[in-house]
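Take a look at the structure below.
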Amino acid sequence: MKQLIPSPLRCSARLALRWLDDLKTGQLAQFLNPSTKASDQFAPWIETMQVIQATSYSENKRHNLILASEQINHVVIQPGQIFSFWHLVGKPDRHRGYLPGRSLVNQQLQAEYGGGLCQLSGLIYFLALKAGLQIVERYPHSVDIYTDETRFAPLGSDATVVYGYKDLRFLNSLEQAICFHVIVQADAVIGQLCAERAIAEHPIEFRSQSVGQRIEVETLRKNESLGVCSYRLPNR
């Protein structure tokens with residue numbers, strides 16, 4: 001029955017349901033104001049870098065990363081406010097300039113407009129973990145498509161995002177305002193968490209173990225478990 005409903009209509013219905021849920025839970029009122037930009041007093045305190053792997057879609061991915069990061073860069077997140085990836089980035093379709101890129105859909109790699117943005121959401125998630133921020137919503141990928149040789153980030157540090165369905169959200173639980181600065185280079189993307197005063201960087205550990213045809217990864221921050229996520233192994 002679900003397949004008989006056009007995808008845009010399903011997405012619109014899902015967005016409406018999410019809006020109502022955010023209104024009921026109070027998260028809607030906690031979203032940051034995208035028009036509030038950081039001053040020159042904000043400096044980078046925590047930084048991470050990831051390579052952009054060379055594929056047939058890497059140029060499109062780089063283009064998509066630049067478009068999305070422009071919506072996130074230097075937007076101030078006050079204490080008590082919630083960062084929502086989609087609240088800032090918006091729908092990543094061709095009408096807004098996004099290009100087809102690799103996406104993991106139904107456990108299969110395929111080309112979709114806005115593909116590759118999961119690297120940006122994963123980068124921001126990793127920075128949020130390091131800063132000790134309170135994660136409100138985050139989803140791991142369903143399949144571990146990388147090997148130890150091709151992996152550009154620790155397994156368990158990813159955050160998949162699907163417009164209307166899966167978001168990345170965290171609460172600024174610090175006592176000062178923060179913002180992000182993302183720099184997209186030819187073969188790498190650099191993420192910086194900025195503030196007016198120093199931010200302590202928390203040690204993050206990802207402990208993985210094989211369980212049948214899956215890998216389970218436990219995330220620990222300062223030796224405190226933040227939960228376990230599970231990845232299916234692809235047929236290699």
Tell me if a side-chain donor or acceptor on [X] pairs with a main-chain N or O of [Y] at a distance below 3.5 Å.
{"X": "Q30", "Y": "G80", "result": "yes"}
{"X": "D144", "Y": "L233", "result": "no"}
{"X": "H63", "Y": "G97", "result": "yes"}
{"X": "R221", "Y": "L226", "result": "no"}
{"X": "R18", "Y": "Y165", "result": "yes"}
{"X": "N60", "Y": "N64", "result": "no"}
{"X": "W45", "Y": "A43", "result": "yes"}
{"X": "Q176", "Y": "R197", "result": "yes"}
{"X": "N172", "Y": "Q81", "result": "no"}

Do you reckon [X] sits in the same ILVMFWY cluster as [Y], going by side-chain contacts under 4.5 Å, direct or chained?
{"X": "V161", "Y": "L17", "result": "no"}
{"X": "L65", "Y": "V162", "result": "no"}
{"X": "L155", "Y": "L123", "result": "yes"}
{"X": "V182", "Y": "I46", "result": "yes"}
{"X": "I178", "Y": "V136", "result": "no"}

Are [X] and [Y] packed together at the side-chain level, in the sense that at least one heavy-atom pair is separated by less than 4.5 angstrom?
{"X": "F152", "Y": "I52", "answer": "no"}
{"X": "V189", "Y": "Q119", "answer": "yes"}
{"X": "L129", "Y": "F206", "answer": "yes"}
{"X": "C118", "Y": "H141", "answer": "yes"}
{"X": "I124", "Y": "S121", "answer": "no"}
{"X": "R232", "Y": "R214", "answer": "yes"}
{"X": "L32", "Y": "L88", "answer": "yes"}
{"X": "I72", "Y": "V89", "answer": "yes"}

Heavy-atom pair of closest approach, residues [X] and [Y]:
{"X": "P34", "Y": "V75", "value": "O-CG2, 3.7 Å"}
{"X": "K61", "Y": "G116", "value": "CE-O, 3.7 Å"}
{"X": "P100", "Y": "Y57", "value": "O-CD2, 3.4 Å"}
{"X": "A186", "Y": "R62", "value": "CA-NE, 3.5 Å"}
{"X": "T55", "Y": "S58", "value": "O-OG, 3.0 Å"}
{"X": "R14", "Y": "G164", "value": "CG-O, 2.7 Å"}

Discussion item. Can you classify the ring geometry of F31 versus H87 as parallel (below 30°), tilted (30 to 60°) or perpendicular (above 60°)?
Written reply: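 F31 and H87: tilted rings.
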
Starting at [atom1] of [X], measure out to [atom2] of [Y] and round the result to the nearest 0.5 Å.
{"X": "E137", "Y": "S84", "atom1": "CD", "atom2": "OG", "value": "7.5 Å"}
{"X": "S230", "Y": "E218", "atom1": "OG", "atom2": "CD", "value": "13.0 Å"}
{"X": "Q134", "Y": "L174", "atom1": "CD", "atom2": "CG", "value": "11.0 Å"}
{"X": "C194", "Y": "Q41", "atom1": "SG", "atom2": "CD", "value": "12.5 Å"}
{"X": "L120", "Y": "Q71", "atom1": "CG", "atom2": "CD", "value": "11.0 Å"}
{"X": "K166", "Y": "W86", "atom1": "NZ", "atom2": "CH2", "value": "12.5 Å"}

Fill in: Intermediate values then yes/no, side-chain hydrogen bond (donor to acceptor under 3.5 Å, both in side chains), E149 and T147
CA-CA 5 Å; E149 292 74 28; T147 64; 3.3 Å; yes

Discussion item. I'd like to know if the side chain of D158 pairs up with that of Y231 as donor and acceptor (distance under 3.5 Å, no hydrogens or angles considered).
Written reply: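 On atom types as modelled, these side chains qualify, holding a pair under 3.5 Å.
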
Worksheet item: Do you know which of Q192, E201, H181 makes side-chain contact (heavy atoms from CB on, under 4.5 Å) with E47?
Response: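 Among Q192, E201, H181, the one meeting side-chain contact (heavy atoms from CB on, under 4.5 Å) with E47 is Q192.
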
Discussion item. Before you tell me yes or no, could you show the steps for D148 and R151 under salt bridge (Lys or Arg N to Asp or Glu O under 4.0 Å), namely the whole-Å CA-CA distance, both residues' side-chain angles and the distance that decides it to 0.1 Å?
Written reply: CA-CA 5 Å; D148 290 339; R151 201 178 306 285; 3.8 Å; yes

Practice prompt. Inspect the contact between R207 and E205 and indicate whether a charged nitrogen and a carboxylate oxygen are less than 4.0 angstrom apart.
Written response: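 Salt bridge between E205 and R207, a charged N being under 4.0 Å from a carboxylate O: yes.
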
Discussion item. Determine whether C229 and V217 satisfy the following criterion, side-chain contact (heavy atoms from CB on, under 4.5 Å), listing intermediate values before the conclusion.
Written reply: CA-CA 5 Å; C229 53; V217 181; 4.2 Å; yes

Item to complete: Assess whether ring-ring contact (aromatic ring centres under 6.0 Å, His included) is satisfied between Y98 and Y113, documenting all intermediate values.
Response: CA-CA 6 Å; Y98 287 90; Y113 281 97; 9.2 Å; no

Worksheet item: Taking the six-membered ring for Trp, are the ring centroids of F83 and F180 within less than 6.0 Å of each other?
Response: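 So the answer is yes for these two rings.
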
Fill in: Greater than 12 external heavy atoms within 6.0 Å of F42's CZ
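Correct, the count exceeds 12.
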
